[in-house]
Amino acid sequence: MSETTNSPAAESAGGAPTETTAPHRYTAALAADIEARWQEFWEAEGTYEAPNPKGDLAGDAGSVARPKKFIMDMFPYPSGAGLHVGHPLGFIATDVYARHQRMTGHNVLHTLGFDAFGLPAEQYAVQTGTHPRVSTEANIVNMRRQLRRLGLGHDGRRSIETIDPAYYKWTQWIFLQVFNSWYDPEADAARPIDTLVAQFEAGDRPTPDGRAWSGLSPLERANILGEYRLAYASDAPVNWCPGLGTVLANEEVTADGRSERGNYPVFKAKLRQWNMRITAYADRLLNGLDALDWPEAIKLQQRNWIGRSEGARVDFPVGDDKITVFTTRQDTLFGATYMVLAPEHPLVAGADNGNGTGSIVPDAWPEGTHDVWTGGHATPGDAVAAYRKQAASKSDVERQAEAKDKTGVFTGAFATNPVSGEQVPVFIADYVLMGYGTGAIMAVPAHDTRDFAFARAFELPMRCVVEPSDDRGTDPSTWDDAFASYDAKIVNSSGADISLDGLGVTEAKAKITEWLADQGIGEGTVNFRLRDWLFSRQRYWGEPFPIVYDEDGVAHALPESMLPLELPEVEDYSPRTFDPDDADTQPETPLSRNEDWVNVDLDLGDGIKRYRRETNTMPNWAGSCWYEMRYLDPHNSDALVDPEIEQYWMGPRDGQPAGGVDLYVGGAEHAVLHLLYARFWSQVLHDLGHVSSSEPFHKLYNQGMIQAFVYRDSRGIAVPAAEVEERDGGYYYQGEKVSRVLGKMGKSLKNAVTPDEICAEYGADTLRLYEMAMGPLDVSRPWDTRAVVGQYRLLQRLWRNVVDEATGEVTVVDGEPDEATLRALHKAIDGVSQDMANLRFNTAIAKVTELNNHLTKAGTPVPRTVAEQLVLLIAPLAPHIAEELWRKLGHTDSVVHADFPVADPAYVVDETVTCVVQIKGKVKARLEVAPSISDADLEATALAEPAVVAALDGAGIRKVIVRAPKLVNIVPA
RNA sequence: GCCCGGUUGGUGGAACUGGUCAGACACGCGGCUCUCAAACAGCCGUGCCCUUGGGCAUGUGGGUUCGAAUCCCACACCGGGCACCA
């Protein structure tokens, strides 16, 4: 998830002021001492442990009775050599929020685990030549050390690692739940596969070829059930990435046809792979978004990814066969002057596999075939075979690059336009994708930009059937582009049985759809862009599938008693990778090299038999699809989570109809990967009755990125940012002028700053404050090490306001604070409370700073009550110094569970407010008035003001706008 | 190409639903105090331009309004997502 491929964990960068005349001054050394002591205290006391209502983590009933808050971060990958300061931004934010929630009476669950399977961890292992388990565990140890140093208040008992067999036992278990279920359209939900088998057995549901279920072989039955299971293996075109040696999900392939990891080319290859039938949930995944408190941008991305479009399926007869197309413009059916199939379409398969021609491809070109249609081939079979071969060898990158130039070839076949009766030629072209719709389109060149380009290239006829609303006329041969607007009238669309002429697009769609359905040659339908989730990888470092194959090749689920199926320890874990550009390669699973493990004798209920294990592993998303549930009940060996515990923390409630985590903070890069997959698993588990929540994350918040300046020399090579000097408005490295741009922080750009360095120089509380003060949480901003000192100074002034630097004694005094201090205090409490609740930590810090500056400026000893409330205010942000001061102020309990201050409304408003008096929007006078002044009194006072009278200079008044108590605006006549 | 965001001092950023002279808080910078000196700390100043007083300022140009950083339109630039999806 949040990647950590960067920056060595450099120890102490030094630079802390060492000599001081004041032995109790708040220095980096003192901060380090305070922080270490309190971190030990918290750990020993279990300060952050949140009680469950039952089970091994059950605890204090009073705490359980409080309102709960489940606050989560997207958990990190332990790859690379540690964290840079960008990584903990979200962790600190959730920690501050969680601490505030704890202090306002909530039972807060906050912990952090590690997403440790998958490509990054494995690549790091391969690079360093260590076994992934060894390097991953070492990385986890290092990251835990770094995170502990930040003082994050996590319930350590609940931390999980996805590579722990006790954890992935349940990942495998969930896979089996998915495997052993099917999507029942009547229930609009997943149901156990047994319910489907029962329907087949009883004859309520016919088998595909009509034979009785009992008459089918085990393999035949398995194949039929495979068509229904929510996890299934199938031969389908998949994204094959030779450079990584594995196949990838659509979500892991970038827009330009490369792997998200490693940026290698991706090819389409037909391989037998495991898939998750996420498409069955397309509508529910789409509709479920409405109830979620997520950023609209993320919801929009998911909606676009799911890509629901309403249209129609229409059959076009071709000899004895028919081509079924999906279209969203069934209203333009009369304008369909040719058809296009995807190169992989089954109706043209066979042309290139030695079985003669495909089913619709004739032996010879029809009389009068246009030269440009044949591609220079002697027969349609040759042409189709050649084009299919060429398309298959093209990487997605090449296909993208050539997107503008339409290519294709005539199949030699003609189809019948079902409304006009016209014979239209059938082409194959790679601008039609097998994976979308039916892999075939009706082409309406006059009204579709792609069809227009293709028709121009192949000199195909166009017919205008939607009257252009501009002045281009109705002859498409004179047009520069297609007329694709929806806001127009249908023309030229009358046949023997139906006419659409004169109708608007919407009415025409409805009419033709109904007619098609009546004729039995089409129907209105909904199509999704979303495709099934490719779930297997040819990698070592992942969860093994709990699946074995018998001698017939039938897949069997391992029984729960055999879980976890542990990943075998092997010497040779490297994936077989290839020349990244070589499409003619085949994946090889590392686990398959291990014959002893692959071949196994098991008793699956009918005696001991020999089986072969599945040797693919699960993708790295598997472990992160459900981890929120395991945090709740991490040691349960009987269930993935106890239902009562799940209900307590995640169950549906007021305002959260689908349940879920109260706050989930992480980067926006997971909009359609992790966040979609996790929702899918959550809905399946909900359908099957395992959890009460149907959505995993009620509120989602995307934190921004911490960026850093990248300095490059004249060759464009990044130079170490720490050694660049700024002078005369330019930047210099070793005397050479370098350029500066804002980019990501990372080792490769030589601009990484580690939390260890900052902690060593200033302490963790300063780092926490700085990260929170930099700006709003959801906005990206550049790191500036020089500016960190500002928050360090805040803590020093805070310390000095409470503690004598020479003696270490508390300097606060008893007695009532003065009026101005009380107002400053309560305004701060009021503002900070609101800011905390709304994740506006930057302004919360500004308000704390203001209060602290007020006390500093007063120059007198701080009243005890004010000091205590100030310490409580800053406690969520800077917990270590707060604990230390709290203790020094005489408290023996931890500040973590103290009550957050509550503002007294009497002091939140000022005694008098400044009211401006404007004339036509220009300020002419200022009045000091009581905040409670009425509009009428204020107006009277304002009009009586000498400066106003003078400015009006006897002019009449047209209008007076009064906004008591702050503004009066006079509009002269 | 389509869809989302965004653009405020030298810098990061404030400004609740349009309502005090926009610039809180912090960095940086300048000055002063303390000091033998420095560091630390404290105090003062710091949007721009004309050196009274004023004028101009929230990417640019229009508009709505008594009043616009905030609402509307157009444009420019930056960032992100999708991209031959029928």
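Labels below follow one simple rule: chain letters A, B, ... track the order of the sequence lines, proteins then strands, and each chain is numbered from 1.
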* To do: Measure from CG on A/Leu530 to P on B/rA83 and round the result to the nearest Å.
  => 12 Å

* Taking the six-membered ring for Trp, are the ring centroids of A/Tyr770 and A/Trp783 within less than 6.0 Å of each other? -> yes

* Could you please name the partner base of B/rA38, counting Watson-Crick and G-U wobble pairs only when both distances are under 3.5 Å? => none

* **Separation of the P atoms in B/rG23 and B/rC75, to the nearest angstrom** => 33 Å

* Compare side-chain N and O positions of A/Arg800 against OP1 and OP2 of B/rG42 and report whether any pair is under 4.0 Å apart. => yes

* Could you check which nucleotide pairs with B/rG1 in any of the strands shown, counting Watson-Crick or G-U wobble with both distances under 3.5 Å? => B/rC82

* To do: Could you pick out which residue, A/Lys959 or A/Arg786, lies toward the 5' side of RNA chain B when each is mapped onto its nearest nucleotide?
  => A/Arg786

Distances for protein N/O vs nucleotides 14-18 of chain B N/O pairs under 3.5 angstrom?
{"unit_1": "B/rA14", "atom_1": "OP1", "unit_2": "A/Asn842", "atom_2": "ND2", "d": "2.9"}
{"unit_1": "B/rC16", "atom_1": "N4", "unit_2": "A/Lys966", "atom_2": "NZ", "d": "3.3"}

* How far, in whole Å, is B/rA14 from B/rU8 if one measures between their C1' atoms? -> 10 Å

* To do: Measure the acute angle between the ring planes of A/His447 and A/Phe483, then classify it against the limits of 30° and 60° as parallel, tilted or perpendicular.
  => perpendicular

* Whole angstrom value for the distance that separates C1' of B/rA86 from CG of A/Leu433 -> 9 Å

* To do: Sticking with atom C1', work out how far B/rG47 lies from B/rU64, rounded to a whole angstrom.
  => 28 Å

* Asked: Just by modelled atom types, is the A/Asn702 backbone N or O under 3.5 Å from a matching donor or acceptor in the A/Asp778 side chain?
  -> no

* Closer than 4.0 Å, any side-chain N/O of A/Asn853 to the OP1 or OP2 of B/rA26? -> yes

* For A/Gln834, which contact category applies under a 4.0 Å heavy-atom criterion: base, sugar-phosphate, or nothing? -> nothing

* Look at all strands and tell whether A/Ala773 reaches a base, only sugar-phosphate, or nothing, counting heavy atoms closer than 4.0 Å. => nothing

* To do: Kindly say if A/Arg797 contacts the phosphate of B/rC40, meaning a side-chain N or O under 4.0 Å from OP1 or OP2.
  => no

* In Watson-Crick or G-U wobble terms, both distances under 3.5 Å, what is the partner of B/rG18? -> none

* To do: Please tell me which of the listed nucleotides, B/rA83, B/rG28, B/rA86, lies nearest to the side chain of A/Arg793?
  => B/rG28

* For A/Leu300 and for A/Ala846, locate the closest nucleotide of RNA chain B by heavy-atom distance; then report the residue assigned to the nucleotide nearer the 5' terminus. => A/Leu300

* Structure fact -> Winner on side-chain proximity to A/Thr849, out of B/rC66, B/rU20, B/rA26, is B/rA26

* Would you kindly check whether a donor in the side chain of A/Arg781 faces an acceptor in the base of B/rG12, or vice versa, at under 3.5 angstrom? => no

* Asked: If only side-chain N and O atoms of A/Gln796 are considered, is one of them under 4.0 Å from the OP1 or OP2 phosphate oxygen of B/rA41?
  -> yes

* A/Arg329/A/Asp448 salt bridge by N-O under 4.0 Å criterion -> no

* Asked: Taking atom C1' in both B/rG62 and B/rG13, what distance in whole Å separates the two?
  -> 29 Å

* Atom pair distance, as rounded to whole Å: CG in A/Leu289 and P in B/rC4 -> 17 Å

* Assess whether one donor atom and one acceptor atom, taken from the side chain of A/Lys406 and the base of B/rC84, lie less than 3.5 Å apart. => yes

* **A/Asp430, nearest nucleotide to its side chain (from B/rG19, B/rC84, B/rC27)** => B/rC84

* Asked: Are A/Tyr711 and A/Asn751 linked by a side-chain donor-acceptor pair shorter than 3.5 Å?
  -> no

* When the distance from CD1 of A/Ile298 to C1' of B/rG5 is rounded to whole Å, what number comes out? -> 11 Å

* Look only at the side chain of A/His24 and the backbone of A/Asp804, and say whether a donor-acceptor pair between them is shorter than 3.5 Å. => no

* Structure fact -> Testing B/rA24, B/rG19, B/rC27 for proximity to the side chain of A/Asp784, the answer is B/rC27

* Please determine, for B/rG9, whether a Watson-Crick or G-U wobble partner exists with both distances under 3.5 Å, and give it or none. => none

* Verify whether one side chain among A/Tyr486 and A/Thr506 offers a donor that lies under 3.5 Å from an acceptor in the other. => no

* When you compare B/rG80 with B/rC73, how far apart are their P atoms, in angstrom units rounded to a whole number? -> 25 Å

* Atom-pair distance (CZ on A/Arg25; P on B/rG42), nearest Å -> 9 Å

* What interatomic distance, in whole Å, is found between P of B/rG53 and the corresponding atom of B/rC43? -> 28 Å

* Asked: Expressed as a whole number of Å, how far does the P atom of B/rG19 sit from that of B/rU51?
  -> 35 Å

* Name the nucleic acid region contacted by A/Val432, choosing base, sugar-phosphate or nothing; use a 4.0 angstrom heavy-atom cut-off, strictly under. => base

* Asked: Is atom NZ of A/Lys322 surrounded by more than 12 heavy atoms (other residues, nucleotides or ligands) closer than 6.0 Å?
  -> no

* To do: State whether the side chain of A/Asp532 and the backbone N or O of A/Ile278 hold a donor-acceptor pair below 3.5 Å, judged by distance alone.
  => yes

* **Separation of atom CG in A/Asn702 from atom C1' in B/rG5, rounded to whole Å** => 12 Å

* Asked: According to the Watson-Crick and G-U wobble definitions, with both distances under 3.5 Å, which nucleotide is paired to B/rG30?
  -> B/rC44

* Are A/Thr27 and A/Tyr792 linked by a side-chain donor-acceptor pair shorter than 3.5 Å? -> no

* Would you indicate what A/Ser780 reaches in the nucleic acid, counting non-hydrogen atoms under 4.0 angstrom: base, sugar-phosphate, or nothing? => sugar-phosphate

* Does B/rA74 have a Watson-Crick or wobble mate here (both distances under 3.5 Å), and if so which one? -> B/rU60

* Asked: OH of A/Tyr431 versus C1' of B/rA83: gap in Å, rounded?
  -> 16 Å

* Using the C1' atom on both, measure B/rG81 against B/rA26 and round to a whole Å. => 33 Å

* Where the side chain of A/Gln791 is defined as all heavy atoms beyond and including C-beta, which of B/rA83, B/rC84, B/rA26 is the nearest nucleotide? -> B/rA26

* To do: Mind calculating the distance between CG (A/Leu967) and P (B/rA68) to the nearest angstrom?
  => 12 Å

* Structure fact -> chi for B/rG80 classified (syn = within 90 degrees of 0, anti otherwise) as anti

* **Complement of B/rA68, any strand, by Watson-Crick or G-U distances under 3.5 angstrom** => none

* At under 4.0 Å between heavy atoms, what does A/Arg308 touch on the DNA or RNA strands: base, sugar-phosphate, or nothing? -> nothing

* Asked: Any ion pair linking A/Arg388 and A/Glu344 (charged N to carboxylate O, less than 4.0 Å)?
  -> no

